[in-house]
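Input: a single structure, listed below in structure tokens.
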2 protein chains.
Amino acid sequence: MSQTGTGTQPGPGPEPGSAEESSTRERILDIALELFTERGYERTSLRQIAERLGFSKAAIYYHFASKEDILIELHLRLHEFGRGALSGIDPAGMSPELAVGILDRLVDQILGHRPLFVLFERNQVALDELHRLRHDAAHEDVEALFQQVLSNPEIALRDRVRMACALGAVMGALVLSEKMFPDVPSAELGALVRDAAHDVLMPAGSA
Amino acid sequence: MSQTGTGTQPGPGPEPGSAEESSTRERILDIALELFTERGYERTSLRQIAERLGFSKAAIYYHFASKEDILIELHLRLHEFGRGALSGIDPAGMSPELAVGILDRLVDQILGHRPLFVLFERNQVALDELHRLRHDAAHEDVEALFQQVLSNPEIALRDRVRMACALGAVMGALVLSEKMFPDVPSAELGALVRDAAHDVLMPAGSA
DNA sequence: GTCTATATAGGGATAGAC
DNA sequence: GTCTATCCCTATATAGAC
């Protein structure tokens with residue numbers, strides 16, 4: 001708890017927003033992303049992360065105040081990209097027609113940042129815990145948004161279930177894709193998944 | 001490692017296959033199912049399980065040789081039900097048409113045993129670890145089966161992606177359903193999800 | 001079948017040297 | 001910025017009494 005929350009670090013390192021910084025901080029995040037995904041957040045120790053980077057466990061604490069802070073930083077990145085696909089959604093006025101466009105953008109975001117999405121797909125419990133503790137910015141949270149939409153009784157149940165299915169189809173297929181379709185170009189895969197999602201949201205027999 | 005692997009227990013308890021036994025062993029499994037789902041396998045300690053049951057941590061070791069054995073036992077139940085939906089599938093001869101029937105059965109199995117499916121949806125990493133260590137009966141494993149089907153180059157890529165999407169739609173919607181559609185009867189929910197899955201596998205414009 | 005007490009290990013985190 | 005050494009805590013698991 002000694003460092004400031006997130007992003008503010010000592011020394012002359014590049015700003016958090018700038019790209020292509022290969023600072024130690026970045027390398028820690030990269031390895032953590034890998035290990036958290038493979039072995040899970042809880043099963044991954046700071047020792048293992050440090051080992052891969054060639055230095056000791058304690059060194060990590062210069063860059064992050066806690067293990068949880070590493071996860072939080074990765075979570076922030078997910079939000080960053082998630083917002084790109086979900087900006088300006090009104091939970092009250094949602095419809096399958098609008099959902100088509102949203103899911104299209106989501107497919108692109110997932111394909112562009114697959115490891116990040118896989119990480120959180122495989123560590124839902126750790127994510128939940130994060131949300132329960134720190135509810136900063138929880139309003140703009142992706143999950144909460146979906147909850148609002150899918151629980152909205154103004155929308156026909158059938159449509160809500162379809163939206164849940166479409167979301168599941170997109171997430172499921174793209175998360176599986178790394179193992180199942182490793183050689184398929186992202187563009188091709190994205191097009192196929194989008195088509196499938198469209199058929200869920202707006203089946204041929206509907207208005 | 002003192003007890004025999006699974007199911008063989010001392011004393012006059014009912015056979016593992018018999019239903020409605022409310023033995024301590026069963027109660028441990030029930031509580032573990034709850035806690036593993038809510039807080040995750042790794043974050044749940046045997047102390048917490050014992051606390052809920054009103055006895056001490058050590059007592060659990062009379063019924064299970066290890067914490068992992070509890071998870072294994074729950075995993076076996078999942079397989080039991082999974083097999084019901086996936087019996088006699090030939091990975092080589094799979095098609096969207098056949099997948100429709102399989103997914104229909106899978107929807108029923110999930111709706112009938114939702115907590116179990118949610119457990120493993122939320123604890124994929126723990127499950128993976130299980131599979132890596134004990135590969136007994138891994139052949140009849142659900143995940144391995146899907147891998148074989150979805151990686152089979154004999155099947156058109158489009159169809160394989162559709163199957164992955166349909167699976168994701170079913171799993172996603174039904175896992176979300178506990179929170180999103182708690183009041184919807186299973187039969188109604190199942191019908192809606194099946195319809196959606198059908199539209200993914202066999203969209204109106206196809207043969 | 002359940003208890004208390006304990007062995008053993010490993011985790012996250014801190015202090016202070018370099 | 002990274003190190004070693006250490007603290008403290010909690011976890012799984014075992015031993016042996018009841």
Side-chain angles (χ1 to χ4, degrees), chain A residues 1-6 8-14 21-32 35-36 39-74 123 125-126 129-130 133-134, chain B residues 1-14 21-32 35-36 39-73 123 125-126 129-130 133-134:
Chain A
M1 305 263 188
S2 58
Q3 263 102 335
T4 35
T6 302
T8 308
Q9 283 304 315
E21 39 168 341
S22 184
S23 60
T24 302
R25 188 181 160 88
E26 286 301 309
R27 290 170 57 222
I28 292 172
L29 287 169
D30 287 345
I31 298 296
L35 290 179
F36 289 172
R39 318 216 342 115
Y41 174 73
E42 291 87 0
R43 295 172 114 103
T44 303
S45 72
L46 294 178
R47 205 199 97 263
Q48 292 172 319
I49 296 175
E51 216 164 50
R52 280 229 195 163
L53 287 165
F55 47 66
S56 90
K57 188 177 67 166
I60 293 181
Y61 283 93
Y62 177 80
H63 300 277
F64 293 92
S66 70
K67 182 186 179 185
E68 200 184 33
D69 268 21
I70 299 177
L71 190 67
I72 290 175
E73 181 72 23
L74 291 170
N123 287 276
V125 283
E129 206 76 352
L130 266 196
L133 271 52
R134 344 258 271 196
Chain B
M1 304 266 189
S2 58
Q3 264 99 337
T4 34
T6 300
T8 307
Q9 285 303 317
E21 40 169 339
S22 186
S23 61
T24 302
R25 187 182 161 88
E26 286 301 308
R27 291 170 58 223
I28 293 172
L29 287 170
D30 287 345
I31 299 295
L35 291 178
F36 288 173
R39 321 216 339 115
Y41 173 73
E42 291 87 1
R43 295 171 115 104
T44 303
S45 71
L46 295 179
R47 204 199 97 262
Q48 292 172 319
I49 296 176
E51 214 164 51
R52 282 227 192 165
L53 286 166
F55 48 65
S56 91
K57 189 177 66 167
I60 295 182
Y61 282 95
Y62 176 80
H63 300 277
F64 294 92
S66 71
K67 181 184 178 186
E68 200 183 31
D69 268 21
I70 299 178
L71 189 67
I72 290 175
E73 182 71 24
N123 287 277
V125 283
E129 206 77 350
L130 266 196
L133 270 54
R134 345 257 274 196

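Throughout, protein chains are lettered first and strands after them, A, B, ... in sequence-line order, and every chain is numbered starting at 1. These values consider heavy atoms only, across backbone and side chains, with no hydrogens, waters or symmetry-generated copies.
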Distance, rounded to the nearest Å, where [X] contributes [atom1] and [N] contributes [atom2]:
X       : N      : atom1 : atom2 : value
A:Ile49 : D:dT2  : CD1   : P     : 15 Å
B:Phe64 : D:dT12 : CZ    : C1'   : 16 Å
A:Glu26 : D:dG1  : CD    : P     : 13 Å
B:Phe55 : C:dG1  : CZ    : C1'   : 9 Å
A:Glu68 : C:dA13 : CD    : P     : 8 Å
A:His63 : D:dG1  : NE2   : C1'   : 6 Å
A:Ile28 : D:dG1  : CD1   : C1'   : 10 Å
B:Glu51 : D:dA11 : CD    : P     : 10 Å

Validation row: B:Tyr41, B:Val125 side chains within 4.5 angstrom (heavy atoms): no
Below 4.5 Å, heavy atoms only, C-beta onward: do A:Phe64 and A:Leu71 meet side chain to side chain? no
Would you compute the distance between atom CG of B:Asp30 and atom CG of B:Leu35 and round it to the nearest 0.5 angstrom? 11.0 Å
Sequence neighbours excluded and cut-off under 3.5 Å, please list the side-chain donor-acceptor pairs for residues 51-60 of chain A, or say none.
unit_1: A:Glu51; atom_1: OE2; unit_2: A:Arg47; atom_2: NH2; d: 3.3
unit_1: A:Arg52; atom_1: NH1; unit_2: A:Glu34; atom_2: OE1; d: 2.8
unit_1: A:Ser56; atom_1: OG; unit_2: A:Ala58; atom_2: N; d: 3.4

When you compare the protein's N or O atoms with those of nucleotides 10-12 of chain C, which come within less than 3.5 Å of each other, and at what distance?
unit_1: C:dG11; atom_1: OP1; unit_2: A:Ser45; atom_2: OG; d: 3.2
unit_1: C:dG12; atom_1: OP1; unit_2: A:Lys67; atom_2: NZ; d: 3.0
unit_1: C:dG12; atom_1: OP2; unit_2: A:Leu46; atom_2: N; d: 3.0
unit_1: C:dG12; atom_1: N7; unit_2: A:Lys57; atom_2: NZ; d: 3.0

Given C:dG1, D:dT2, C:dC3, identify the nucleotide with an atom nearest to the side chain of B:Tyr62.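 Between C:dG1, D:dT2, C:dC3, the one nearest the side chain of B:Tyr62 would be C:dG1.
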Among the candidates C:dC3, D:dT4, D:dT2, find the nucleotide nearest to the side-chain atoms of A:Ser56. D:dT4
Tell me, please, which residues at least two apart from B:Glu129 pass side-chain hydrogen bond (donor to acceptor under 3.5 Å, both in side chains). A:Arg39, B:Arg132
Do you know which two heavy atoms are closest between A:Ala32 and A:Ile70, and how far apart they sit?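 For A:Ala32 and A:Ile70, the tightest heavy-atom pair comes out as CB-CG2, 3.6 Å.
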